[in-house]
There are 2 protein chains.
Amino acid sequence: MSDFTNARGYPIGEMSKRTGVNIETIRYYERINIMPKPDRTAGGNRQYNHDQLKRLSFIKTSRELGFSIDEIRALLEMVDREDFTCGEVHGLTIGHLASVREKIKGLRKLEKALVGMAAECSQGNVPDCPILETLFQTRTRSKPALPT
Amino acid sequence: MSDFTNARGYPIGEMSKRTGVNIETIRYYERINIMPKPDRTAGGNRQYNHDQLKRLSFIKTSRELGFSIDEIRALLEMVDREDFTCGEVHGLTIGHLASVREKIKGLRKLEKALVGMAAECSQGNVPDCPILETLFQTRTRSKPALPT
DNA sequence: TCTTGCTTCTGTAGTGGCTACAGACCGCAT
DNA sequence: ATGCGGTCTGTAGCCACTACAGAAGCAAGA
């Protein structure tokens, strides 16, 4: 058990362990410029500092809350500029909340439709299935949103 | 207004109009073998028949219900083999229903978290934002599922 | 010092489910 | 014959990663 103090910096594996972000994903974040290029050892291995650890945590938490990379990029830009207002951040959050609610709505419709279909099914051994009949029905105008 | 009777067959654009599936997507479905290779005109343009129209409708409806391509492939294989039982289809549907419910659950957690964060925010003009503070918090063990 | 064995490196390609071109050809009406 | 829209193939891009291959770094033990 080695202890990584601030002084030495964290290798990428330690960053991964501490944040739960996959190593490959950390390098990916660097490539798309939401993580900065870290220092390197003499041999060329990445060495991260504590701020970078915090930043990666931020990204991870935000992703888990369903923010897209672009939304996170926007949040991080505000932070980096250091001139953001709380209202801006609130706006972004509310916008994201709305899209989450949209998704939930869509999925609930699906749920209903699936429950309805399954309920009609006798589950018997006969190859005469009301589910398939429903699926084969000619299409109507309606256009429920696909979940993404 | 031309009428496409069974005899002549439908060109791809007509298929697209009737099902709401994008032309490019129809060709994609052929490439991944969930739509059969249709007849061609002398000049090489696709000509679909009524069965193929029904099949495409089936796929579209199933996609709208959130079935993955692989699930649809499984359903279609049953249909093609003509030896499926209603129970099998029911099983697939129930399985899909479960995954839809999982997604809803995950999204509701997100919703709650976002609402909580937003509520704490004064929306003021000061750059001292409880939302960002939350996002910057050091990570815990918990690992809410990402919506996909 | 050398070896062992884990970690990390770069670069590229794959995932799902499409979508978006470019540049050529088809087919039908006038 | 001409014009114009529909269609063709093939390839590359989207998002957010993930999965390699093959080489090189690095720390601990013999």
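The chains referred to below are lettered A, B, ... by the order of the sequence lines, with proteins before strands, and numbering in each begins at 1.
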Residue [X], side-chain atoms from C-beta onward, closest of [options]:
X	options	result
B:Ile23	C:dT19, D:dC17, D:dT7	D:dT7
B:Arg40	D:dC17, C:dT19, D:dT9	D:dT9
B:Ile69	D:dC17, C:dC18, D:dT9	C:dC18
A:Arg27	D:dT7, C:dT10, C:dG17	C:dT10
A:Glu24	D:dC20, C:dT19, C:dT8	D:dC20
A:Ile12	C:dC9, D:dT9, D:dC17	C:dC9

Specify the separation, in whole Å, of atom [atom1] of [X] and atom [atom2] of [N].
X	N	atom1	atom2	result
B:Ile72	C:dG16	CD1	P	13 Å
B:Arg63	C:dG16	CZ	P	12 Å
A:Gln47	C:dC9	CD	P	10 Å
A:Glu30	C:dT8	CD	P	14 Å
B:Asn33	C:dG17	CG	C1'	15 Å
A:Asn22	C:dT8	CG	P	12 Å
A:Ile26	C:dT7	CD1	C1'	13 Å
A:Arg73	D:dC15	CZ	P	9 Å

Is the distance from OP1 or OP2 of [N] to the nearest side-chain N or O of [X] less than 4.0 Å?
X	N	answer
A:Thr25	D:dT18	yes
B:Arg46	D:dC8	yes
B:Arg31	C:dG17	no
A:Tyr29	D:dC17	yes

(message) Could you check, using the six-membered ring where one of them is a Trp, whether A:Phe136 and B:Phe58 have ring centers closer than 6.0 angstrom?
(response) yes
(request) List for me each residue that meets ring-ring contact (aromatic ring centres under 6.0 Å, His included) alongside A:His90, sequence neighbours excluded, and say none if there are none. (result) none
List, with names and distances, any nitrogen or oxygen atoms from the protein found under 3.5 Å away from nitrogen or oxygen atoms belonging to nucleotides 24-29 of chain D.
from, atom 1, to, atom 2, distance (Å)
D:dC26, OP1, A:Thr41, OG1, 2.4

I'd like to know if the side chain of [X] and the backbone of [Y] have a donor-acceptor N/O pair within less than 3.5 Å.
X	Y	result
B:Arg55	B:Leu76	no
B:Ser16	B:Ile12	no
A:Thr25	A:Val21	no

(request) Could you tell me, to 10°, how much the axis swings from one end of the helix from C:dT1-D:dA30 to C:dT30-D:dA1 to the other, five pairs per end? (result) 30°
(request) Could I get the full list of side chain to side chain contact (heavy atoms under 4.5 Å, CB included) partners for A:Tyr28, not counting sequence neighbours? (result) A:Arg31, A:Ile32
(message) So, using side chain to side chain contact (heavy atoms under 4.5 Å, CB included) as the criterion, who are the partners of B:Arg81 when residues are at least two apart?
(response) B:Met78, B:Asp83, B:Glu88
(request) Not counting sequence neighbours, which residues clear side chain to side chain donor-acceptor pair (under 3.5 Å) with B:Glu30? List them please. (result)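 Partners of B:Glu30 under the side chain to side chain donor-acceptor pair (under 3.5 Å) test: B:Arg46.
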(request) State plainly whether the residues B:Lys105 and B:Glu102 are in salt-bridge range, i.e. N to O under 4.0 Å. (result)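 Counted as a salt bridge, because a side-chain N and a carboxylate O are separated by less than 4.0 Å.
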(request) Indicate yes or no: does A:Glu77 engage A:Arg73 in a salt bridge with an N to O separation below 4.0 Å. (result)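 Looking at A:Arg73 together with A:Glu77, the answer is no, because their closest N to O distance does not fall below 4.0 Å.
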